[in-house]
Amino acid sequence: MEQEKKGFIARYVKIIVVLAVVAGSSSGIFGNVIEAPSMAIGFWRLTLGLPFFAVPVLLRHRDTLKNISRSDYIWTFIAGAFLFGHFFTWFNAVKMTNIASAVVLAALHPLVVLVITVFIFKRKVGVRPVLGIVLALLGGVLVAGLDYHQLSSGNFAGDVLAFLAAMFMGLYFTIGNEVRKNVPGSTYVFLVFFACWLCFTIGVIVTDTPILGYSAKDYFFIIGLTLVCQIGAHAVFNLCFGYVDSLYVSAWESGESVFAIIMSVIFLGQSPTSWELIGSAVVVIGLLYYNYYTGLAEKKGKS
């Protein structure tokens, strides 16, 4: 009976998170095929995605905007700035290194969330869920194929940017998890996307990056990037905060490497190496292990 009273997101939130991860895993493919510079990609991605959330909030929830505390506004805009940092470093990373390595390094954000959760928020995290996260991350390393040759062939700058993307993602997730305790989902998504859009707008102006004049193919894929990744992944992640912890979202997000490999095979014709296949299996095992023990912990907490 209690299950029936829950909303759709509350009932199926864990499945929704996984589906959002699948959607988000395509971002490397989009970023790789779009030739426009990263600043222009980010600007158009936010410009096209923002109205989907701005219109409903401004028409129906203006009172909610008035009731948000100054502190929550500040933290929401900081989260938007970190999201900007994640997008900018990520789009540059996938142009400068191979997608598998970029995805693996960018997937290190659970470690950032874990450190903040344990040492700053002083929350207890079980040993077994942590082992599941570590196992998934080790699988990600295998996906990269211990790629020394890629690092030595001039892709080091791209790998550094992918690692920075992970840092920004972890901070963005952690802040979102806290602010969502006080701010409704659709309103928070609008504000954090608006803050990110402001950052890209300033970036376009400061760097004198043109926003027009790119190929029709680029604009077509930017629209796809907006619908699939901006709305289908990031908006959904933010809506799910408040129903699941940021560590849960971040842990499953680390599984992007598996889906990215599958998509790179389908859309780019890239054949997976034996390291990628073995690593993908380890990632899946680690995430299932993590999910099983977090589920047990939730049941014990309710009993």
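- Between Leu225 and Cys229, some side-chain heavy-atom pair lies under the 4.5 Å cut-off.
- Put simply, CG on Leu191 and OG on Ser186 are 9.5 Å apart, with the number rounded to the nearest 0.5 Å.
- The CD1 atom of Ile16 sits 9.0 Å away from atom OH of Tyr243, with the distance rounded to the nearest 0.5 Å.
- No more than 12 heavy atoms of other residues, nucleotides or ligands lie within 6.0 Å of CZ in Phe163, so this atom counts as exposed by the packing criterion.
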Report task. Could you give me the CA-CA distance, side-chain angles and deciding distance for Tyr248 and Lys14, then say whether side chain to side chain contact (heavy atoms under 4.5 Å, CB included) is met? Result -> CA-CA 9 Å; Tyr248 180 88; Lys14 292 191 173 182; 3.2 Å; yes

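- Counting all heavy atoms, side chain and backbone alike, Phe221 lies closest to Phe30 at O-CD2, 3.5 Å.
- Residues Leu247 and Leu138 fall within the same hydrophobic cluster, defined by Ile, Leu, Val, Met, Phe, Trp and Tyr side chains chained together at heavy-atom separations under 4.5 Å.
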Query raised in the report: Could you go step by step and tell me if Tyr12 and Phe8 meet the ring pair (Phe, Tyr, Trp, His ring centres under 6.0 Å) rule?
Result: CA-CA 6 Å; Tyr12 302 108; Phe8 179 82; 5.1 Å; yes

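- The distance from the SG atom of Cys199 to the CZ atom of Phe82 is 10.5 Å, given to the nearest 0.5 Å.
- In the hydrophobic clustering of this structure, Ile15 groups with Leu239; members are Ile, Leu, Val, Met, Phe, Trp, Tyr whose side-chain heavy atoms approach within less than 4.5 Å, directly or through other members.
- For the atom pair CG (Leu164) and OG1 (Thr89), the distance works out to 6.0 Å, reported to the nearest 0.5 Å.
- Considering only heavy atoms from C-beta on, Leu65 comes within 4.5 Å of Thr187 through its side chain.
- One distance of note links CG of Asn92 with CG of Leu161; it measures 6.0 Å at 0.5 Å rounding.
- The hydrophobic clustering, which links ILVMFWY residues whose side-chain heavy atoms are closer than 4.5 Å, places Val55 and Tyr188 apart.
- Here the rule is side chain to side chain contact (heavy atoms under 4.5 Å, CB included) with Trp44, and of Thr226, Ile211, Asp218 only Ile211 fits it.
- More than 12 heavy atoms of other residues, nucleotides or ligands lie within 6.0 Å of NZ in Lys181, so this atom counts as buried by the packing criterion.
- Distance check: Ile223 CD1 to Gln230 CD gives 14.0 Å after rounding to the nearest 0.5 Å.
- The two residues Ile133 and Ala251 make their nearest non-hydrogen contact at CG1-CB, 4.1 Å.
- Listed here is the closest heavy atom pair of Ala235 and Phe53: CB-CZ, 3.3 Å.
- Annotation: side chain of Trp197 is in contact with side chain of Phe43 (closest heavy-atom distance under 4.5 Å).
- Relative orientation of the Phe173 and Phe237 rings is perpendicular, given thresholds of 30° and 60° on the angle between their planes.
- Annotation: side chain of Ser69 is not in contact with side chain of Asn182 (no heavy-atom distance under 4.5 Å).
- Ile41 is not connected to Ile205 by any chain of hydrophobic side-chain contacts under 4.5 Å among Ile, Leu, Val, Met, Phe, Trp and Tyr, and they are in different clusters.
- Considering only heavy atoms from C-beta on, Phe200 comes within 4.5 Å of Phe87 through its side chain.
- Ile175 and Ala79 get closest at one heavy-atom pair: CG2-CB, 3.7 Å.
- Under the 4.5 Å side-chain criterion, counting only non-hydrogen atoms from C-beta, Phe52 is in contact with Leu227.
- Side-chain contact check for Asn238 and Tyr172: at least one donor-acceptor pair (N or O, by modelled atom type) lies under 3.5 Å.
- Residues Leu50 and Phe190 are in side-chain contact: their nearest non-hydrogen atoms beyond the backbone lie under 4.5 Å apart.
- In plain terms, the two heavy atoms of Leu135 and Val282 that are nearest each other are O-CG1, 3.4 Å.
- Under a hydrophobic-cluster definition in which Ile, Leu, Val, Met, Phe, Trp and Tyr are linked whenever side-chain heavy atoms come within less than 4.5 Å, directly or via other members, Leu212 and Leu46 are assigned to the same cluster.
- For Arg45 against Ile222, the heavy-atom pair with the smallest separation is N-CG2, 4.2 Å.
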Query - side-chain hydrogen bond (donor to acceptor under 3.5 Å, both in side chains) between Thr209 and Thr207, worked out - result: CA-CA 5 Å; Thr209 301; Thr207 60; 2.6 Å; yes

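- Ring orientation note: the planes of His234 and His86 are tilted relative to one another, at an angle of 30° to 60°.
- A heavy-atom distance below 4.5 Å is not found between the side chains of Met39 and Phe91.
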